[in-house]
Amino acid sequence: MITFQQIKQDSQILTYIQKADETLAALGYTEHSLAHVGRVAETAGRLLAELGHPPREAELARIAGYLHDIGNIVNRVDHAQSGAVMAFRLLDNMGMDAAEIAAVVSAIGNHDESTAFPVNAIAAALILGDKTDVRRSRVRNQDFASFDIHDRVNYAVTGASAALNGKDFVLKIDVDTSISPVLDYFEIFMDRMLLCRRAADKLGLQFRLVVNNQTVL
């Protein structure tokens, strides 16, 4: 079996992740580097493990999380589908079982909110891992005066955590409202939060959003 550790150590995959992030940097997007994909992989794998899914399924969720953004090297538009095709080629060349490849590429191809749907448990876990990675350190722009709304919202997040709590998957964030009002968060992230609700439902969970200690979703 192809392991998550093998994926992390593969030089081609590392290059594609780094180059995809460089492409997004040139386009002005927030950080999508090893830090992001590592967090997504960890959240997705941990969630399925905590829910009692088979260990191999949790490992496949980690693999999908780690590979999910490589399509950005092609273009930001339709990057989920591009990434799924790239992941298929990489995993097939590594000798992964066809059924496992199918599960991983389906998850990757269904993670972007413009076309996403939690088609399987791995896709649902990937969505929750990806859409809940909100943090100040993802902001690349160092000029506060030129922040756009995405920069402001991410920079305003002073703390965040995403974890399973019984039958709830809870995203807790602390927002410095002197930097960005909470309403701005919903303006740019509402589609993501609704997608998280669908993903949680796929796993038999309720999605909860807690902002500054107030439950808002």
Item to check | Given Asp151, Asp21, Asn154, the one that forms side chain to side chain donor-acceptor pair (under 3.5 Å) with Arg140 | outcome: Asp21

Item to check | Centroid separation His68 to His32 less than 6.0 Å | outcome: no

Next on the checklist: Let me confirm one number: the OH-CD1 distance from Tyr66 to Ile13, rounded to the nearest 0.5 Å.
Outcome noted: 8.5 Å

Item to check | Residues Leu171, Cys196; criterion side-chain contact (heavy atoms from CB on, under 4.5 Å); working and verdict | outcome: CA-CA 10 Å; Leu171 171 61; Cys196 284; over 6 Å; no

Checklist entry - Could you walk me through whether Leu203 and His53 pass the side-chain contact (heavy atoms from CB on, under 4.5 Å) check? => result CA-CA 10 Å; Leu203 297 172; His53 287 246; 4.3 Å; yes

Checklist outcome for this item: Which of Asp168, Leu51, Asn165 passes side chain to side chain contact (heavy atoms under 4.5 Å, CB included) with Leu205? It is Leu51

Checklist entry - Mind checking whether Leu126 and Val170 sit in one hydrophobic cluster, side chains of I, L, V, M, F, W, Y counted as touching below 4.5 Å? => result no

Item to check | Derivation and outcome, side-chain contact (heavy atoms from CB on, under 4.5 Å), residues Asp10 and Met94 | outcome: CA-CA 10 Å; Asp10 187 275; Met94 294 175 77; 4.2 Å; yes

Checklist entry - Can you tell me how far CZ of Arg198 sits from CE of Met193, rounded to the nearest 0.5 angstrom? => result 11.5 Å

Item to check | CA sep, side-chain torsions, deciding dist, call: Leu91, Leu67, side-chain contact (heavy atoms from CB on, under 4.5 Å) | outcome: CA-CA 10 Å; Leu91 297 174; Leu67 296 175; 4.2 Å; yes

Next on the checklist: For a quick check under 3.5 Å, do Ser82 and Asn75 share a side-chain donor-acceptor pair by atom type?
Outcome noted: no

Checklist entry - Are side-chain N/O atoms of Thr3 and Gln5 paired as donor and acceptor at under 3.5 Å? => result no

Item to check | Short N-O contact, Glu59 and Arg62, less than 4.0 angstrom | outcome: no

Checklist entry - Do the side chain of Lys131 and the main chain of His111 share a donor and acceptor less than 3.5 angstrom apart? => result yes

